[in-house]
Colleague: 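Just passing along the structure, written as structure tokens.
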There are 2 protein chains.
Amino acid sequence: MNNTLVTKLRRFIELDEGEVAALDRLVRDPHSVKAGVDLIEEGTNPENVFLLLGGWGYRYSLLHNGGRQIFGYLLPGDLCDVHVFMLDKMDHSIGLLSDATVVKVPADEMLELINRYPRIERALWIATLVTESTLRQWVVNIGRRDAFERTAHLFCELWQRMQAVGLVSVTDQFDLPLTQIELADTLGMTSVHINRILQRLREAGLIVLGKRRLTILDPRRLADISGFDPDYLRLDATPQHVSLRSRLSLVR
Amino acid sequence: MNNTLVTKLRRFIELDEGEVAALDRLVRDPHSVKAGVDLIEEGTNPENVFLLLGGWGYRYSLLHNGGRQIFGYLLPGDLCDVHVFMLDKMDHSIGLLSDATVVKVPADEMLELINRYPRIERALWIATLVTESTLRQWVVNIGRRDAFERTAHLFCELWQRMQAVGLVSVTDQFDLPLTQIELADTLGMTSVHINRILQRLREAGLIVLGKRRLTILDPRRLADISGFDPDYLRLDATPQHVSLRSRLSLVR
DNA sequence: CGCAAGTTTGACGCTGCTCAATCACTGTGG
DNA sequence: CCACAGTGATTGAGCAGCGTCAAACTTGCG
């Protein structure tokens with residue numbers, strides 16, 4: 001099996017054979033988990049770290065007033081909170097939006113891994129920096145764009161990330177197992193309003209959405225409308241990136 | 001001079017004398033910088049990392065349509081982006097809201113430091129996790145709370161953080177060098193509207209704000225209104241925290 | 001004293017929310 | 001195979017929160 005975790009971390013730093021082998025050892029014994037299950041619950045100190053091999057997850061919090069806010073999505077190949085053991089308790093929950101395949105890694109094993117392999121630790125740190133940068137874009141999106149642009153921006157981000165893991169068809173189509181309620185809770189609006197916005201996106205010839213599948217009809221225009229710039233996702237491997245990777249790989 | 005950086009990192013992990021000495025060596029030769037200056041600009045790959053000893057900084061981005069979004073504030077004792085050398089370019093700018101005192105550390109020196117002291121690296125990683133968790137709260141705030149609650153929540157956060165660095169008077173008063181325009185760009189609203197919200201907060205007997213100083217008249221009620229729970233800032237040192245710190249300090 | 005920056009106010013309109021009903025789809029049991 | 005329930009999508013009417021525009025006022029500062 002192709003280890004997507006290795007692929008992901010190699011975008012950030014150089015890894016040698018020993019390190020790759022250690023990561024491979026981590027990824028064994030995949031489980032199937034049903035949609036709707038929470039992998040990690042807010043307020044707890046989880047004993048395991050999860051790597052998502054297939055399916056969609058999401059990070060969220062429930063508010064006092066009954067509302068919910070979604071902070072991010074986990075796509076196939078993503079890993080949930082490797083750093084779980086660094087803070088005393090989770091500040092949000094992680095749930096599954098679809099049936100999923102996950103690998104469970106005991107937190108202690110994860111801790112041993114980063115103690116032994118400094119470069120893996122550093123790569124994981126960089127991964128959290130990317131999450132941080134993505135969260136900043138979400139703040140911009142919710143804070144400074146109207147509902148139409150905001151929705152377009154989210155679709156651009158998901159399209160880009162799904163593409164990076166090879167899950168977008170040649171017709172720019174991909175699975176989107178989100179209800180309109182979940183889209184609303186992601187974008188800071190109501191499900192009634194997101195429904196109307198989706199209609200406008202369809203009428204504008206920008207997307208087709210139905211049966212839990214999204215087609216991006218006009219990626220260029222969607223990005224223009226929403227001011228989307230994929231840089232923050234760090235999915236590329238520019239020459240600058242490559243030199244950066246080796247610079248960070250200094251031996252101790 | 002009391003090294004606030006050491007204090008901050010010790011909340012996350014145990015540090016020995018050698019590590020403390022290394023951090024002390026970093027913090028020398030403070031500069032004065034004028035309000036309005038940008039320490040770091042979006043799109044660049046900065047050569048230096050900054051530690052803020054006095055004054056206020058802020059992280060922000062400018063949008064295509066002329067708007068601005070603020071992502072966070074840097075208070076005395078905070079450090080801007082130690083990890084600057086881990087990504088190829090900044091995804092946001094860092095500016096100064098008031099005259100400030102800063103220490104400039106060359107990025108290479110920072111890199112050497114973390115190469116040499118794994119525990120310092122880990123502490124800095126944890127610091128980025130706290131930033132991440134704070135950003136999540138900002139997403140909740142902007143996405144799921146109305147203008148009144150949202151403003152109250154921001155004031156609770158700032159009050160708590162200022163308290164942690166000893167800058168709140170016994171009368172719950174502290175410097176707040178923000179214009180209403182900056183508050184608006186933080187909270188995803190217009191300056192006209194924030195002005196009206198501030199009036200309501202004053203009328204409700206919750207705050208006094210003027211002359212760049214904020215007084216929190218009723219901290220309890222302000223927190224209730226806004227659903228503020230300080231946990232995400234990780235400013236405490238609970239017993240659980242202490243055992244966590246030592247657990248993370250395994251030698252390699 | 002006079003300018004510049006920031007704050008305050010008013011009138012008006014639109015975006016997005018609320019409430020509530022209807023429609024469509026899917027899986028289930030009889 | 002069909003009735004039915006549950007979940008999600010869609011629609012409509014009415015309204016409120018917040019934005020826009022524009023002007024007046026206040027404060028700090030050279």
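Order of the sequence lines sets the chain letters (A, B, ...), proteins ahead of strands, with each chain counted from 1. Quantities reported herein were computed from a predicted structural model and do not represent experimental measurements.
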Colleague: If you compare every side-chain N and O of B:T179 against the phosphate oxygens of C:dG6 (OP1, OP2), does one of them come in below 4.0 Å?
Modeller: no
Colleague: Heavy atoms only, 4.0 Å cut-off, all strands: where does B:R200 land among base, sugar-phosphate and nothing?
Modeller: nothing
Colleague: With heavy atoms under 4.0 Å as the rule, sort A:R145 into base, sugar-phosphate or nothing.
Modeller: nothing
Colleague: Side chain of B:T190 only, heavy atoms from C-beta on: which candidate in D:dC18, D:dG19, C:dA20 is closest?
Modeller: D:dG19
Colleague: Whole-Å distance between C:dT8 P and B:I181 CD1?
Modeller: 12 Å
Colleague: With a 4.5 Å cut-off on side-chain heavy atoms, are B:L217 and B:V208 touching?
Modeller: yes
Colleague: Grab the CD-C1' distance between B:Q180 and D:dT27 for me, whole Å please.
Modeller: 13 Å
Colleague: Are A:K211 and C:dT26 close enough that a side-chain N or O sits under 4.0 Å from OP1 or OP2?
Modeller: yes
Colleague: How close or far is atom C1' of D:dA9 from atom CD of A:E182, stated in whole angstroms?
Modeller: 14 Å
Colleague: Using atom NE2 of A:H193 as one end and atom P of D:dG17 as the other, report the distance to the nearest whole Å.
Modeller: 16 Å
Colleague: One thing to verify: whether A:R59 and A:D81 come together as a salt bridge, which I'm taking to mean a side-chain N less than 4.0 angstrom from a carboxylate O.
Modeller: yes
Colleague: Rounding to an integer number of Å, can you tell me how far A:F148 CZ sits from C:dC14 C1'?
Modeller: 16 Å
Colleague: Rounded to the nearest angstrom, tell me the gap between atom CE in B:M189 and atom C1' in D:dT20.
Modeller: 15 Å
Colleague: Give a yes or no on whether a salt bridge exists between B:K8 and B:D78, defined as a side-chain N under 4.0 angstrom from a carboxylate O.
Modeller: yes
Colleague: Find which nucleotide of DNA chain D each of A:R212 and A:R196 is nearest to by heavy atoms, and output the residue with the more 5' nucleotide.
Modeller: A:R212
Colleague: A:G210 near the nucleic acid: base, sugar-phosphate alone, or nothing, with a heavy-atom cut-off under 4.0 Å?
Modeller: nothing
Colleague: For a quick check under 3.5 Å, do A:E182 and A:T179 share a side-chain donor-acceptor pair by atom type?
Modeller: yes
Colleague: Roughly how many Å is it from CG in A:D146 to P in C:dG16, rounded to a whole number?
Modeller: 5 Å
Colleague: Any side-chain N or O of B:N195 under 4.0 Å from OP1/OP2 of C:dT8?
Modeller: yes
Colleague: Is the backbone N or O of A:Y73 less than 3.5 Å from a side-chain atom of A:R161, with the two atoms forming a donor-acceptor pair by type?
Modeller: yes
Colleague: With a 4.0 Å cutoff (strictly under), does any side-chain N or O of B:Q199 reach OP1 or OP2 of C:dT8?
Modeller: no
Colleague: Grab the CG-P distance between B:L209 and D:dT27 for me, whole Å please.
Modeller: 14 Å
